[in-house]
Amino acid sequence: QGKVMTFVPEYADYVVLREAHRNASLAATLPGNYKQALNRARQIVAEVCARHASDYERAVALHDYLALHTRYDAGLGMTARADAVTRLLLDGRAVCDGYAHAYGLLLHMAGIENVFVIGKGDGIDHIWNMAKLNGRWVHVDVTYDDPRPDKKGRVMHTYFGMTDAMISANHSWN
C-alpha cells in the first residue's frame, strides 16, 4: 500500500500482470480483462509445468503452448501494445511484442529468469526473449517459431535456445 507503480505505457499489461502475480492485493484490484488474463496465465503455467521437471523442458513447453495457441496478426500493429499480453492470452492474437511479453510473463511465473531483447529481425523492429536455461543465457524467438500462416498442431524450434552467434544471422541488437 502507498506504493506508486510507474511503467512505460506500451508495456502496461505485462508490468501490471507480473506485479499482480506477486501481489494479491494488486491482483484483487485489476480490471476484469486483466484478472482474466492473469488467471489464464496461471492456468497455463500450472498445466504446462506440472508435466515437465526441468526449467529447460518447461521453457520449451511454454514456447510451444504460445506458438500453438496464438495467431500472428499484423493487423494489430502498434495499437495493440498496451494490452499485448492480455490480447494474446484471451484472444490468441499478437505481434512480436505480445509473443515476447507473454512468454516473459509465463517464464517468470514458472520461476525461469528471462529478459527482453529489442532490436531488429530481418531488418524490421522486433522484440524477443533471452532465458537462462541450464546455467546459460539463450535467445528464444517464439514469434519466428510460429508458422505463418498458422498450421494446426505445428510449431518450430529453429529460434529456441540460440546463441548470440546463431541468432545474429538475421537478428541484430545493441
Trainee: Determine yes or no for a side-chain-to-main-chain donor-acceptor pair under 3.5 angstrom, with Y103 supplying the side chain and T143 the backbone.
Mentor: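 Answer holds: no.
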
Trainee: Quick one: OG on S168 to CH2 on W173, what's the gap to the nearest 0.5 Å?
Mentor: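 It comes to 5.5 Å.
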
Trainee: Look at the side chain of T70 and the backbone N and O of A67, then say whether any donor-acceptor pair between them is shorter than 3.5 Å.
Mentor: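 Not a single qualifying donor-acceptor pair exists.
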
Trainee: Name all pairs fulfilling the salt bridge (charged side-chain N to carboxylate O under 4.0 Å, His left out) condition that reach into residues 119-130, sequence neighbours left out, sorted by first residue then second.
Mentor: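 Passing the test, one end in residues 119-130: K120-D125.
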
Trainee: Assess, by modelled atom type and distance only, whether the side chains of H171 and D141 contain a donor and an acceptor separated by less than 3.5 Å.
Mentor: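 Yes.
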
Trainee: Tell me, please, which residues at least two apart from R51 pass side-chain contact (heavy atoms from CB on, under 4.5 Å).
Mentor: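 Per chain and number, R51 pairs via side-chain contact (heavy atoms from CB on, under 4.5 Å) with V48.
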
Trainee: Examine M166 and V115 and state if one hydrophobic cluster contains both, with Ile, Leu, Val, Met, Phe, Trp and Tyr joined whenever side-chain heavy atoms are less than 4.5 Å apart.
Mentor: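 Same hydrophobic cluster.
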
Trainee: To the nearest 0.5 Å, what is the distance between NE2 (H126) and CD1 (I124)?
Mentor: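 Result: 9.5 Å between the selected atoms.
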
Trainee: Any chain of hydrophobic side-chain contacts (each under 4.5 Å) joining I118 to L105?
Mentor: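 The answer is yes; both residues are in one hydrophobic cluster.
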
Trainee: Same hydrophobic cluster for L62 and V117, using side-chain heavy-atom links shorter than 4.5 Å among ILVMFWY?
Mentor: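 Per the 4.5 Å side-chain linkage, L62 and V117 are not co-clustered.
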
Trainee: Could you please spell out the steps behind the side-chain contact (heavy atoms from CB on, under 4.5 Å) verdict for D146 and L66?
Mentor: CA-CA 8 Å; D146 189 5; L66 288 180; over 6 Å; no

Trainee: Calculate, to the nearest 0.5 Å, the distance between atoms CD1 and OG belonging to I167 and S172 respectively.
Mentor: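 I167 CD1 to S172 OG: 10.5 Å, rounded to 0.5 Å.
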
Trainee: Looking at L17, V85, L88, which hits side-chain contact (heavy atoms from CB on, under 4.5 Å) with H101?
Mentor: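 Running side-chain contact (heavy atoms from CB on, under 4.5 Å) over L17, V85, L88 with H101 returns exactly one hit, V85.
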
Trainee: Using 0.5 Å steps for rounding, measure from the CG atom of L38 to the CZ atom of R42.
Mentor: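 Going from CG on L38 over to CZ on R42, the span is 4.0 Å.
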
Trainee: At what distance, to the nearest 0.5 angstrom, does CG of L107 lie from CD1 of I112?
Mentor: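 Spacing of CG (L107) from CD1 (I112) equals 5.0 Å.
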
Trainee: Do any pairs count as a ring pair (Phe, Tyr, Trp, His ring centres under 6.0 Å) and have a residue in residues 22-59, sequence neighbours left out, and if so which ones?
Mentor: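 Residue pairs with at least one partner in residues 22-59: Y56-F160.
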
Trainee: For H69 and D64, what are the C-alpha separation, side-chain angles and deciding distance, and is it a side-chain contact (heavy atoms from CB on, under 4.5 Å)?
Mentor: CA-CA 8 Å; H69 292 89; D64 292 358; over 6 Å; no

Trainee: Salt bridge (charged side-chain N to carboxylate O under 4.0 Å, His left out): which pairs involve residues 159-174, sequence neighbours left out?
Mentor: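 Those involving residues 159-174 do not exist here.
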
Trainee: Go through the steps for Y14 and F116 under the test ring-ring contact (aromatic ring centres under 6.0 Å, His included), then give the verdict.
Mentor: CA-CA 12 Å; Y14 166 77; F116 303 110; 5.0 Å; yes

Trainee: Check for me, please, whether Y159 and V142 land in the same ILVMFWY cluster - side-chain distances under 4.5 Å, paths through other members count.
Mentor: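 Different clusters: Y159 never reaches V142 through Ile, Leu, Val, Met, Phe, Trp or Tyr contacts under 4.5 Å.
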
Trainee: Indicate, with yes or no, if V45 and V15 share a hydrophobic cluster defined by side-chain heavy-atom contacts under 4.5 Å among Ile, Leu, Val, Met, Phe, Trp and Tyr.
Mentor: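 Yes.
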
Trainee: Between N23 and E19 (side chain of the first, backbone of the second, donor and acceptor by atom type, cut-off under 3.5 Å), is there such a pair?
Mentor: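 Absent.
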
Trainee: Return yes if some donor-acceptor pair links the side-chain N/O of D73 with the main-chain N/O of G75 below 3.5 Å, else return no.
Mentor: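 At least one qualifying donor-acceptor pair exists.
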
Trainee: Going by atom types alone, do H63 and D145 pair a side-chain donor with an acceptor below 3.5 Å?
Mentor: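 Side-chain D/A pair, H63 to D145: present.
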
Trainee: Say whether T86 and D13, considering side chains only, have a donor N or O and an acceptor N or O under 3.5 Å apart.
Mentor: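 Per modelled atom types, T86 and D13 side chains form a pair under 3.5 Å.
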
Trainee: Please list every donor-acceptor pair under 3.5 Å in which a side-chain atom of residues 127-135 meets a protein atom from a residue at least two apart or in another chain.
Mentor:
unit_1 : atom_1 : unit_2 : atom_2 : d
W128   : NE1    : H139   : ND1    : 2.9
N129   : ND2    : A100   : O      : 3.0

Trainee: Please identify each residue that fulfils salt bridge (charged side-chain N to carboxylate O under 4.0 Å, His left out) with R58, with sequence neighbours left out.
Mentor: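 With neighbours one apart ignored, the set is D55.
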
